[in-house]
Structure formats: structure tokens, C-alpha cells
Protein chains: 2
Amino acid sequence: MKYQKIPEATIRRLSRYSRCLEEMEESGEEVVSSAQLASRCMVNAAQVRKDLAYFGEFGIRGVGYHVKNLLNDIKRILGSNKEWRMAVIGVGNLGSALLSYKDFLKQNYKIVASFDIDPPKVIGRVSEKLGKPVEIFHVNRLKEIAKERKIEIGLITTPPSEAQSVADLLVEAGVRGILNFAPTQIVVPEGFVVKDVFFTTILDNLAYLLSNN
Amino acid sequence: MKYQKIPEATIRRLSRYSRCLEEMEESGEEVVSSAQLASRCMVNAAQVRKDLAYFGEFGIRGVGYHVKNLLNDIKRILGSNKEWRMAVIGVGNLGSALLSYKDFLKQNYKIVASFDIDPPKVIGRVSEKLGKPVEIFHVNRLKEIAKERKIEIGLITTPPSEAQSVADLLVEAGVRGILNFAPTQIVVPEGFVVKDVFFTTILDNLAYLLSNN
DNA sequence: TCAATTTTGTGACTCCTTTCACAAAACTTG
DNA sequence: CAAGTTTTGTGAAAGGAGTCACAAAATTGA
């Protein structure tokens with residue numbers, strides 16, 4: 001295998017494979033072929049093999065892939081085998097929903113702090129939801145707490161008007177990854193990564209497909 | 001302009017242009033060039049023009065595009081000019097956050113009903129949040145209410161274990177569009193459309209980028 | 001009115017992604 | 001152990017998507 005640039009789409013699919021493999025592992029399946037995994041993930045079997053080929057050889061010809069091993073390998077590739085420490089900034093409706101979002105716990109994504117301009121307002125509701133409540137700090141302590149708690153990813157769930165200034169704070173605090181739920185484009189320096197989650201963009205997509213089919 | 005298949009990516013970008021144009025309209029800008037719009041949306045100027053060219057000619061050579069007209073045209077193309085009637089199924093933390101999600105109101109996406117297995121549990125919290133509270137029905141009334149209220153898009157925010165059966169109900173009720181927040185693959189017949197919003201998939205993406213840069 | 005300027009719309013090119021097709025490798029069975 | 005079967009890994013082909021570069025169209029100003 002020679003080195004090549006890895007397509008963004010490949011990474012997205014790896015995450016999908018990872019999820020499917022987890023389900024398979026839970027239901028006790030030990031070996032899986034590229035064709036089985038592909039049909040489960042709604043992709044082409046050659047695609048599965050090619051995606052994996054970017055990173056090495058993981059299968060046994062004539063047999064397939066060991067579910068457990070492949071899952072580990074994919075998680076190692078994605079970097080989702082380690083625990084990622086996250087903070088939520090903006091503890092409104094969406095923010096507090098994320099604080100108690102169960103799928104984060106199953107995967108290795110852990111929210112270790114949260115921030116708001118008006119911290120006390122929601123403490124009660126959040127702590128009642130979880131076994132171990134996530135503390136809510138005032139935003140002006142973001143830099144301090146982010147360093148202290150080694151936060152690596154920030155989830156921005158503020159109103160759009162505040163998103164860029166929160167992003168600036170995160171950058172200043174050295175938080176290199178941002179998941180932006182605020183429906184506005186934010187800009188960060190080289191070396192930092194922003195991924196947007198814009199519900200209305202996805203709805204626009206759906207609306208287009210529904211209008212034209 | 002001859003007919004061509006329109007790339008999925010083009011549709012996503014149109015939604016982005018739409019958002020930028022809205023901001024421009026609000027700030028009183030009347031005319032915009034492809035270069036300006038492009039830099040604002042972080043894409044190539046030729047890309048903007050090509051995306052639009054799939055659907056016709058909207059600009060004036062030597063001048064640019066009229067913000068207002070272009071915005072209308074794009075919304076018409078996307079189908080986001082009409083009001084879309086939606087339902088939330090699964091009124092947990094995420095579901096109720098969506099019920100009071102402000103950006104839906106600004107765009108033409110309206111939640112007109114919600115469903116849960118245990119409807120009364122959250123009524124108080126939801127209704128207190130909004131001017132006009134969204135009613136919560138028992139899931140077994142989904143088909144009935146969906147038809148009555150002309151629901152076109154369903155937002156699935158149940159636990160993953162229930163997602164497929166909820167999708168089946170939506171299909172049965174003739175709800176053609178599904179936005180799936182439950183972290184599991186769901187299957188629908190030809191003619192129905194599912195878009196997934198998997199937070200952990202996006203985090204996996206982020207994790208990969210952070211691990212390898 | 002006409003030359004200079006601006007900016008669109010688009011054919012051609014390049015680059016990237018997916019699919020195909022088959023040799024190579026491992027396992028199975030008699 | 002050898003022939004048959006299965007399934008991987010991968011070069012080559014096909015298919016899409018993004019960028020470039022320029023003619024065409026509109027405006028401006030003298």
C-alpha cells in the first residue's frame with residue numbers, strides 16, 4: 001500500500017462501518033465479509049475494501065474480517081479509541097440536551113464541563129438528568145477551565161450572534177476541535193477544525209428532494 | 001442550459017448561499033457578485049456560478065446578482081419557500097430542544113405536532129418554552145394526526161431501538177421525509193427520503209482530523 | 001457613440017471518487 | 001494433497017465534481 005491522500009468520504013464511511021461493526025459485535029457475529037458489511041451500510045463492497053486499503057490489510061482472503069479486530073483497527077484509525085474530552089458552550093435547550101445525550105457516553109466522547117453567560121439558570125435541570133452532573137461555569141472562565149480539564153473539543157450551542165466570539169475564546173484556550181450547532185459560519189485559524197451541524201441546511205436538502213421527486 | 005443531474009453537493013451549497021443572502025438582505029446589500037458571495041461562503045467563485053447555472057441564468061453580466069431576487073430563486077429551487085409541516089417523534093431531551101428551536105421558525109420549518117410513548121411527562125416543560133405550545137400525542141395516534149395536520153417531515157428523536165418502527169409508522173402515514181437523529185441506520189421504501197444527523201459520526205470525523213494534523 | 005471595465009455563463013481540463021474485474025491468497029472437502 | 005470455492009486487495013476504467021480561462025453581455029464615462 002503506497003501513501004495517498006485519504007478522501008473525506010472514506011472517513012465518514014469508516015465511522016459508519018464502526019457503528020455497524022459494534023452492532024454486529026453485540027449480536028455475537030465474529031466474522032464479516034466486505035459484501036455483508038457493505039449491504040448493511042448501504043455501500044458497494046469494493047468501496048469497503050478500498051476504504052480499508054488506504055490504511056493497510058485487515059482481512060483474510062477467502063474468509064473476511066474478524067469483527068472485533070476490524071472494529072479496533074477502525075477506531076484506532078479514526079482516533080475514536082481514546083476518550084475525547086468535550087465542553088458545551090451555551091446551556092440552552094439544545095446545549096442541555098447534549099449534556100445528557102446517551103450516545104456520547106457509549107462512544108468515547110465525554111462532556112466534562114459546560115459554559116453559559118448565565119450559569120445558575122439551568123443547573124438544577126441538568127444535574128437532575130445525569131448521574132454525575134456536568135458543572136456549568138461562566139463563559140469568562142472558559143480559558144482557565146479548558147486548560148485545567150484538558151478540553152479538546154468544544155460544542156457551540158449559543159445563539160448564532162455569539163458563536164464567533166465563543167469560537168475565538170476556544171481558539172485562545174487551545175481547543176482545536178469545534179462542533180458548531182449555531183447556524184452561522186465561523187472562522188478559525190489554520191490548525192483548528194470546525195464541523196458544522198446545521199439542522200436547517202439538512203432540512204433544505206430534504207425539502208429539495210421532496211419537491212423534486 | 002441543458003439538463004444534467006444535479007450534484008448533491010450543489011444543493012448543500014445552495015442552502016449555504018441562501019443563508020448568506022439572507023444575512024446580506026438584512027444588512028441592506030442589494031447587489032452581490034459571485035466573487036463576494038463565494039468568499040463569504042468559503043467556496044470558489046466559479047463554483048457559485050456553476051451551481052446556479054444548473055437551474056438557469058440569474059445574474060447580470062458586468063453587475064452581479066440582485067440579492068433579493070437570487071434569494072427568492074434559490075428558495076424556490078430548494079423548495080424552502082413554502083412552509084414545511086413537521087412532527088417530532090420522541091419528546092426526550094433532544095426532541096424537546098427541537099420543539100423550541102428558534103432557527104426553524106425563521107426558516108419555513110414548522111413543528112405542528114409531537115409524539116411520545118408517554119405523552120404527559122413533558123407537556124409542562126415544552127409548553128412553558130413556547131408562545132404556542134406544540135401538542136404531544138401518544139405515538140399510536142401518529143397516523144391519524146399526521147394526516148389531519150398534513151405532516152410532511154418527521155424528526156425521529158427516539159432511542160435507536162425504536163427508530164425503525166417509528167420510521168415504519170411515518171411511512172404508513174405517508175410522511176415522505178425523515179430527519180433521523182437516532183444513531184442507527186433506518187430503511188424506507190422507494191419514494192421516501194431519510195437524512196441522518198449522527199452527532200457521533202461528525203465527532204468521529206473531528207477526532208480523525210485532530211489525530212492526524 | 002465607442003472604448004474601457006466589470007462580471008457573468010460555460011466549454012475544456014484537471015482532479016478526485018467510485019465501480020469493475022481479476023489475480024492472489026486462504027480455506028474446504030473429498 | 002489437490003481441485004474447487006470463497007473473498008480479499010488492487011490496477012484500470014468510468015463517472016462526477018471542481019477549477020480555469022475566456023467569450024459574451026452589460027455598464028460606465030468621456
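Lettering follows sequence order; numbering is per chain, from 1. Side chains are part of it too, since the values below use all heavy atoms of this structure and drop only hydrogens, waters and symmetry mates. Everything numeric in this text was worked out from a predicted model, so none of it was measured.
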| field | Length of the CD-P vector between B/Glu8 and C/dC16, whole Å | value | 21 Å

| said: Does anything in residues 156-178 of chain A form a ring pair (Phe, Tyr, Trp, His ring centres under 6.0 Å)? List the pairs, not counting sequence neighbours. | reply: none

Tabulate protein N/O versus nucleotide N/O from nucleotides 24-30 of chain D, keeping only pairs under 3.5 Å, one per line.
| from | atom 1 | to | atom 2 | distance (Å) |
| --- | --- | --- | --- | --- |
| D/dA24 | N3 | B/Arg61 | NH1 | 3.0 |
| D/dA26 | O4' | B/Arg61 | O | 3.3 |

| said: Applying side-chain hydrogen bond (donor to acceptor under 3.5 Å, both in side chains), can you list everything that pairs with A/Glu83, at least two apart in sequence or on another chain? | reply: none

| request: Specify the residue among A/Asp51 and B/Phe58 whose closest nucleotide of DNA chain C lies further upstream toward the 5′ end. | output: B/Phe58

| note | Sorted by chain and residue number, the side-chain hydrogen bond (donor to acceptor under 3.5 Å, both in side chains) partners of A/Arg176 (sequence neighbours excluded) come out as none

| task | Just grab all the side chain to side chain donor-acceptor pair (under 3.5 Å) pairs involving residues 158-167 of chain A, residues at least two apart or on different chains. | result | A/Gln164-A/Asp168

| said: List the residues meeting side-chain hydrogen bond (donor to acceptor under 3.5 Å, both in side chains) with A/Thr200, not counting sequence neighbours, and say none if there are none. | reply: B/Arg19, B/Asp103

| Tell me, which pairs form a salt bridge (Lys or Arg N to Asp or Glu O under 4.0 Å) where one or both residues lie in residues 192-204 of chain A, sequence neighbours left out? | A/Glu8-A/Lys195

| Take atom CD in A/Glu30; do more than 12 heavy atoms of anything else shown fall under 6.0 Å from it? | no

| said: Rounding to an integer number of Å, can you tell me how far B/Phe55 CZ sits from C/dG9 C1'? | reply: 15 Å

| task | Scan for ring pair (Phe, Tyr, Trp, His ring centres under 6.0 Å) pairs involving residues 149-186 of chain B, sequence neighbours excluded, and state none if there are none. | result | A/Phe199-B/Phe181

| query | In whole angstroms, how far is the C1' atom of C/dT18 from the NZ atom of B/Lys5? | reply | 14 Å

| field | Those residues of residues 9-41 of chain B lying under 4.0 Å from DNA chain C by at least one heavy atom | value | B/Ser33, B/Ser34

| said: Tell me whether B/Glu29 at atom CD has more than 12 heavy atoms from other residues, nucleotides or ligands lying less than 6.0 Å away. | reply: yes

| query | Among all residues two or more places apart in sequence or in another chain, which pass the side-chain hydrogen bond (donor to acceptor under 3.5 Å, both in side chains) test with A/Lys75? | reply | A/Glu22

| field | Listed once per pair and sorted, the salt bridge (Lys or Arg N to Asp or Glu O under 4.0 Å) pairs that draw on residues 149-160 of chain A, sequence neighbours left out | value | A/Lys82-A/Glu152, A/Glu135-A/Arg149

| query | Think B/Tyr65 has a side-chain N or O under 4.0 angstrom from the OP1 or OP2 of C/dG9? | reply | yes

Under 3.5 Å between N/O atoms: give me all the protein pairs with nucleotides 19-21 of chain D, atom names plus distance.
| from | atom 1 | to | atom 2 | distance (Å) |
| --- | --- | --- | --- | --- |
| D/dT19 | OP2 | B/Gln47 | OE1 | 3.4 |
| D/dT19 | O4 | B/Lys50 | NZ | 3.3 |
| D/dC20 | OP2 | B/Asn44 | ND2 | 3.4 |
| D/dA21 | N6 | B/Arg49 | NH2 | 3.3 |

